[in-house]
Number of protein chains: 2
Amino acid sequence: MASIHDVAKEAGVSVATVSKVLNDYPDVSDKTRKRVNLAIEQLHYQPNVVARGLVKRRSWTVGVLLTVPFTNPYVAELLEGIKTALENSGYDLVRLSTRFDDPHYSFIKHCRSRNVDGVVVFGVERDNRSIDELIHSDIPTMFVDMDIVGKRAGYITTDNQNAIHKGVKHLYELGHRKIAYISGTLGPSIANMRLEGYRQGLISCGLSYLTNYLEVCDYTFDGGAAAMRRLLALKDTPTGIVCASDLSAFGAIHEIEKHGLSVPQDISVVGFDNTYHAQVFKPNLTTVNQNIYSIGIKSIECLIALIENRDYSPPVIMEPSELIVRQTTGKAKLA
Amino acid sequence: MASIHDVAKEAGVSVATVSKVLNDYPDVSDKTRKRVNLAIEQLHYQPNVVARGLVKRRSWTVGVLLTVPFTNPYVAELLEGIKTALENSGYDLVRLSTRFDDPHYSFIKHCRSRNVDGVVVFGVERDNRSIDELIHSDIPTMFVDMDIVGKRAGYITTDNQNAIHKGVKHLYELGHRKIAYISGTLGPSIANMRLEGYRQGLISCGLSYLTNYLEVCDYTFDGGAAAMRRLLALKDTPTGIVCASDLSAFGAIHEIEKHGLSVPQDISVVGFDNTYHAQVFKPNLTTVNQNIYSIGIKSIECLIALIENRDYSPPVIMEPSELIVRQTTGKAKLA
DNA sequence: CTGAAAGCGCTTACAG
DNA sequence: CTGAAAGCGCTTACAG
């Protein structure tokens, strides 16, 4: 690879001058600028971003902290948004190889060692030790789906409460009065916000909150199926089910069909996420669309703003959601 | 962040000496080694890998070239393997932000600019211009699922032909004699190798190859459904279907059920990939397991071998596959 | 408008 | 065993 010295020699100028044309400094004569550009062309010169980063204390690199698997459809879709937002930004994405089993490992130090300019975090347990380090550091950070702020850290998440609320209301408008909720594991604020959406949804529809209509599972297909099994065992079976994920909704549907009932003729089901399964697998799922892709995009836009502007205050963004009606919800049967 | 100078001053030695203990040089007295390590502890010093990389012309970074979406389940699983293999290797993964719409963009230059030590490529069109650049460059490269070799480039793929062969044989052993194949788009060598597996499978079972039992689709759910629709319209409907992807198999199953038939009572279906849908969605899919995760792991192991050993000749690896029998295949009905 | 010099945080012959 | 010096490929005051 040609270096800046080679270009300087070829163009008959100093490296300082080459650097100036590289960085669009105005105080270079047109003539030398042309000569330098010619030399760059001829030598196929490409500046070494690592060397540049060393002096500018920048790397034009965004680190990602995630511990859940890439196979998680939510994660995959988020990454897709992140990738797209990065495409023309001049930044590359680096997935730091974390070693949390090693007690000496420090994510922050890893970031510093790599001169990472900012970090986007998602799919990480709330109690991961890196999170506190990040909050108190001066490394620009965007959390996704965790309501955490710090000196230079903001977050972005779906408006979870409203989202579930919409699902409940949709079922109510179809005539359903017995509406159950299959929640994800309670604890993380996301899950609690969604549960609150279920409660508020019932209240605003004038329905009462029955504890045996609340089931909890781990967001999986099998978890959704098991939860549905318990709901079907109730004397007073619900006719409308709101789920906290698409996967658990598919599990619930499978269980319903296994019991000889059909969706949506007997029971309506609403999912959550609108991952690509929702439109790919059959029946196509009525679900609340989290704008995951768009969340991915915005997380990067915010992160870059934080990186490039010291005075940018850490953003907190609630992304709206919308209900997408497909094939799994229908009018309630008349009792 | 403390630099190597700070450590040197704290320990009362030269930076050269600090560097030596950092790199485990033997010619350092125990006493100074201890002093230096103490200073490192106290200052929470972490060497700057970027600076080190500048002089060693290394980055301890592996670049990834992929253009298909992260939401592709094959891609997600591969990345999971890659991530795992990288975890304790000392390398981080960087997803280069490619700009192929820009005619001046060069992936190779991008790699050089970032001092990337090696590249793993998958999910890229065969005619992507970077591929040829890569083959002729001295950048260690591993291609996944593309049979391409170069000066310092090898590849790893599933033994596709044998894999499909196994699916055909499985159906034959269950008594099926009318076995159709729903292929993926022909052209890429992967698809052709699989088709050849179908042909050979038929031959070794003493069955003849009927062109109307060959359908082609784009690996998707809808594509599989459409292909199945055409097969069901035949006078002599096949009783066993081998598909080139799990998704198209699910599409086929959906179509079969839509026609009032059931799987596997009326028609048996074999998928390909064993992505996590296969065990999550119902009916659980009989499918050929591509060891995608393991391919991901090995691709990185080979890549690191190529990086760290100039004389390592580019590996070509055919990963074995195995048939996983679940719920979608059964004995052929007696005619 | 141009370039010599110092410096970013490291490593590595080399001399002592 | 230890350290001064040069250098990796850049950028940036600063002097001219």
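Every chain is numbered from 1, with letters handed out A, B, ... down the list of sequences. Values reported hereafter were calculated over all heavy atoms of this structure, with side chains retained and with hydrogens, waters and symmetry mates removed.
Of the candidate nucleotides dG9(D), dC10(D), dT2(D), dT2(D) has the atom nearest to the side chain of Val28(B).
Between Glu10(A) and Ala39(A), the closest heavy-atom pair is CG-CB, 3.5 Å. When all heavy atoms of Asp147(A) and Ser189(A) are compared, the pair lying nearest together is OD1-OG, 2.8 Å.
Atom CD in Gln46(A) sits roughly 13 Å away from atom C1' in dG9(D) (whole-Å rounding). Asn115(B) has its CG atom 10 Å from the P atom of dC10(D), to the nearest Å. Rounding to whole angstrom units, CG of residue Asp27(B) and P of dA13(C) are separated by 12 Å. Lys31(B) places its NZ atom 11 Å from the C1' atom of dC1(D), with the value rounded to the nearest Å. In this structure, CZ of Arg35(A) is placed 12 Å from C1' of dC1(C), rounded to the nearest angstrom. Atom CZ of Arg58(B) is separated from atom P of dG9(D) by 16 Å (rounded to the nearest Å). For Lys56(A) and dT11(D), the NZ to P distance is 7 Å, given to the nearest whole Å. Atom C1' of nucleotide dA13(D) and atom OH of Tyr25(A) are separated by 9 Å, given to the nearest angstrom.
With hydrogens and angles ignored, the 3.5 Å screen pairs a side-chain donor or acceptor of Asn48(A) with a backbone N or O of Val50(A). Side-chain atoms of Arg152(B) come within 3.5 Å of backbone N or O of Leu306(B) as a donor-acceptor pair. For Asn160(B) (side chain) and Thr158(B) (main-chain N/O), a donor-acceptor pair under 3.5 Å exists by modelled atom type.
Where Arg33(B) and Ala51(B) each meet DNA chain D at their nearest nucleotide, the meeting point lying more 5' is that of Arg33(B).
Atom CG of Asn88(B) and atom CG of Asp101(A) lie 6.0 Å apart (nearest 0.5 Å).
Contacts with DNA chain C (heavy atom under 4.0 Å) in residues 3-20 of chain B: Ser3(B), Ile4(B), Ala16(B), Ser19(B), listed by number.
Residue-level contact check: Asn48(A) touches the backbone only, with heavy atoms under 4.0 Å from sugar-phosphate atoms and none from bases.
Of the side-chain N and O atoms in Arg57(A), one or more sit less than 4.0 angstrom from OP1 or OP2 of dG9(C). Between Ser29(A) and dT2(C), a side-chain N or O to OP1/OP2 separation shorter than 4.0 Å is present.
Side-chain atoms of Thr157(A) and Asp145(A) form a donor-acceptor pair, as typed in the model, at a separation below 3.5 Å.
In Lys9(B), the NZ atom is not crowded: 12 or fewer heavy atoms of neighbouring residues, nucleotides or ligands sit closer than 6.0 Å.
A salt bridge does not link Glu301(B) to Lys298(B): none of the charged nitrogens lies less than 4.0 Å from a carboxylate oxygen.
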Pair pattern of DNA chain C in dot-bracket, where unpaired bases get dots and | marks partners in another strand, Watson-Crick or G-U under 3.5 angstrom: |||.||||||||.|||
